[in-house]
Amino acid sequence: MKPFSNTHELRACALQLLCETEPVRKVVGTRALQADWLAGELALETGTAPAPAGLIPGRPAKPALVAPREVGRRAMHTVEGRAALIHALSHIEFNAINLALDAVWRFDAMPRDFYTDWLQVAAEEALHFTLLDDHLHTLGYAYGDFGAHNSLWEMAEKTAGDVLARMALVPRTLEARGLDATPAVRAKLAQAGDDAAAQILDIILRDEVGHVAIGNRWYRWLCARDGEDPVATYAALSLRHKAPVLRGPFNVDARRAAGFSDEEIAMLQADGL
């Protein structure tokens with residue numbers, strides 16, 4: 001029995017999962033959706049996107065959404081402090097599932113590989129959420145026990161009407177920031193003796209390089225299709241949508257592996273000084 005409703009159209013299924021509020025059903029459904037798509041069991045509808053029947057994105061009643069400055073930081077030498085950090089990471093991954101599903105549902109008339117790529121991202125983000133959530137339970141906490149901020153989804157809303165802006169400013173900006181931040185977070189957890197969490201972050205970093213690469217692939221494809229210069233267009237989109245200014249240090253090796261050019265990395269480093 002499928003964890004989502006009885007439709008055989010990919011984008012309609014993605015929308016249903018995007019609206020799903022219960023995390024386990026969202027996770028299980030997302031991974032099943034990818035498997036069904038790869039097995040050729042779903043059609044790709046073109047034309048007007050199906051209309052949502054619920055709020056977008058679907059999320060549980062908790063965690064409470066607060067301003068980033070109100071999330072707070074806790075000491076890594078306490079279980080509560082580590083749990084709060086794991087919870088923050090879980091929330092990022094939960095949002096990332098929704099972001100990938102939203103790309104599948106929202107953007108029409110893209111090549112078939114676009115939908116395959118973003119389903120892969122959604123399924124891997126679902127795995128990441130599960131790994132972090134399971135680990136959170138070993139610490140005596142659950143998803144929803146701490147507050148969380150909504151910055152990732154706010155940028156998704158800003159770019160809802162423009163697939164080029166979405167590719168530029170979500171995977172290539174906000175998610176790419178995770179490439180820079182993850183090694184330091186991993187080091188903190190390992191230093192605190194939480195080797196299990198550190199190993200989960202190794203998996204996440206490995207997969208996130210691929211996710212950012214997918215964002216780069218489709219951003220450049222769209223620029224080529226529309227005759228746009230990728231570097232100049234990125235700067236213009238960042239300004240138009242008030243993207244955050246990124247500060248160093250940057251994980252240059254990971255960014256290169258994810259497809260950023262030497263020119264882009266040099267500009268990033270110059271701006272981030």
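This structure is a prediction, so every number in the text was calculated from the model and none was measured.
Atoms CG and CD1, from Leu139 and Ile86 in turn, are 7.0 Å apart once rounded to the nearest 0.5 Å. Atom-to-atom distance recorded for Leu201:CG and Leu89:CG is 6.0 Å, nearest 0.5 angstrom. For the atom pair CD of Glu175 and CD1 of Ile214, the computed distance is 10.0 Å after rounding to the nearest 0.5 Å.
Counted within 6.0 Å of NZ on Lys158, heavy atoms from surrounding residues, nucleotides or ligands total more than 12; the atom is thus considered enclosed.
Residues passing the ring-ring contact (aromatic ring centres under 6.0 Å, His included) test with Tyr234: none are found, sequence neighbours excluded. Residues meeting the salt bridge (charged side-chain N to carboxylate O under 4.0 Å, His left out) test with Asp113, sequence neighbours left out: Arg217. For Asp262, the salt bridge (charged side-chain N to carboxylate O under 4.0 Å, His left out) test picks out Arg256, with sequence neighbours left out. In this structure Arg220 satisfies the salt bridge (charged side-chain N to carboxylate O under 4.0 Å, His left out) test together with Glu264, sequence neighbours excluded. Applying the side chain to side chain donor-acceptor pair (under 3.5 Å) criterion to Asp180, with sequence neighbours excluded, gives Arg177, Arg255. With sequence neighbours left out, the side chain to side chain donor-acceptor pair (under 3.5 Å) criterion links Thr78 to no other residue. Scanning for ring-ring contact (aromatic ring centres under 6.0 Å, His included) contacts around Tyr141 gives Phe146, with sequence neighbours left out. For Trp218, the side chain to side chain donor-acceptor pair (under 3.5 Å) partners two or more places apart in sequence, or in a different chain, are Asp117. Under the side chain to side chain contact (heavy atoms under 4.5 Å, CB included) criterion, Pro52 pairs with Leu15, Cys19, Ile56, Trp105, not counting sequence neighbours.
Residues Pro57 and Phe94 form no side-chain contact, since every pair of their non-hydrogen atoms from C-beta on lies 4.5 Å or further apart.
Here the side chain of Thr138 pairs a donor or acceptor atom with the backbone of His135 at under 3.5 angstrom.
Sorted by first and then second residue, the pairs that involve residues 79-103 and meet salt bridge (charged side-chain N to carboxylate O under 4.0 Å, His left out), not counting sequence neighbours, are Arg74-Glu80, Arg82-Asp194, Asp102-Arg106, Asp102-Arg166. For the salt bridge (charged side-chain N to carboxylate O under 4.0 Å, His left out) condition, the pairs that include at least one residue of residues 200-213, sequence neighbours left out, are Arg186-Asp202. Sorted pairs that involve residues 134-155 and meet salt bridge (charged side-chain N to carboxylate O under 4.0 Å, His left out), not counting sequence neighbours, are lacking altogether.
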